[in-house]
Amino acid sequence: MTTDDVAASLIELTAAVAKEGQAEAVSIPIVTDDKKVAQAELVIGVGNDVLSAPMEWNEEEPDFSHAADDLKNHRLFPRSHLRAVEPDPHDEDDEPIDWDFDQPTQA
């Protein structure tokens, strides 16, 4: 067993790695049947299925957020695309912005 954030990150990363036609080894923290923290070594990506299912857990949930962050920092983890943000035309306090940066500036 692992935490929800690790499981969700693992599923998303597995799909992303498979989409690239690759497979990779990853390590995630788990809680064993005797309630001890351990590491699970997995191969994810093409040809490797990962299953996530909810389980009843009545103990204090371990903090595996560092592992979820590690998975999210993987080079193939899906990232939201940057989008341009236009200034609010109703906000009169803002000066016009030169988006092309072609005007000289003073230091």
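Here the structure is a predicted model, which is why all the values come from computation and not from measurement.
- In this structure, V6 is a member of the same hydrophobic cluster as M1, with clusters built from ILVMFWY side-chain heavy atoms closer than 4.5 Å.
- Legend: side chain to side chain donor-acceptor pair (under 3.5 Å) pairs involving residues 46-55, not counting sequence neighbours: none detected.
- Among pairs with a residue in residues 2-15, those fulfilling side chain to side chain donor-acceptor pair (under 3.5 Å) read T3-D5, at least two apart in sequence or across chains.
- Residue pairs meeting the salt bridge (charged side-chain N to carboxylate O under 4.0 Å, His left out) criterion with at least one partner in residues 58-74, sequence neighbours excluded, are absent.
- Applying the side chain to side chain contact (heavy atoms under 4.5 Å, CB included) rule to A38 yields the partners I30, T32; only residues at least two apart in sequence or on another chain are considered.
- Grouping the Ile, Leu, Val, Met, Phe, Trp and Tyr side chains by contacts below 4.5 angstrom, directly or via other members, places V43 apart from L71.
- Legend: residues meeting side chain to side chain contact (heavy atoms under 4.5 Å, CB included) with Q22, ordered by chain and number and at least two apart, are V17, E20, E24, R75, L76.
- Here CG of L13 is found 11.0 Å from CD1 of I28. Values are rounded to the nearest 0.5 Å.
- The local environment of CG in D33 is sparse, with at most 12 non-hydrogen atoms from other residues, nucleotides or ligands closer than 6.0 Å.
- Under the rule for a side chain to side chain contact (heavy atoms under 4.5 Å, CB included), the partners of A18 that lie at least two apart in sequence or sit in another chain are V46.
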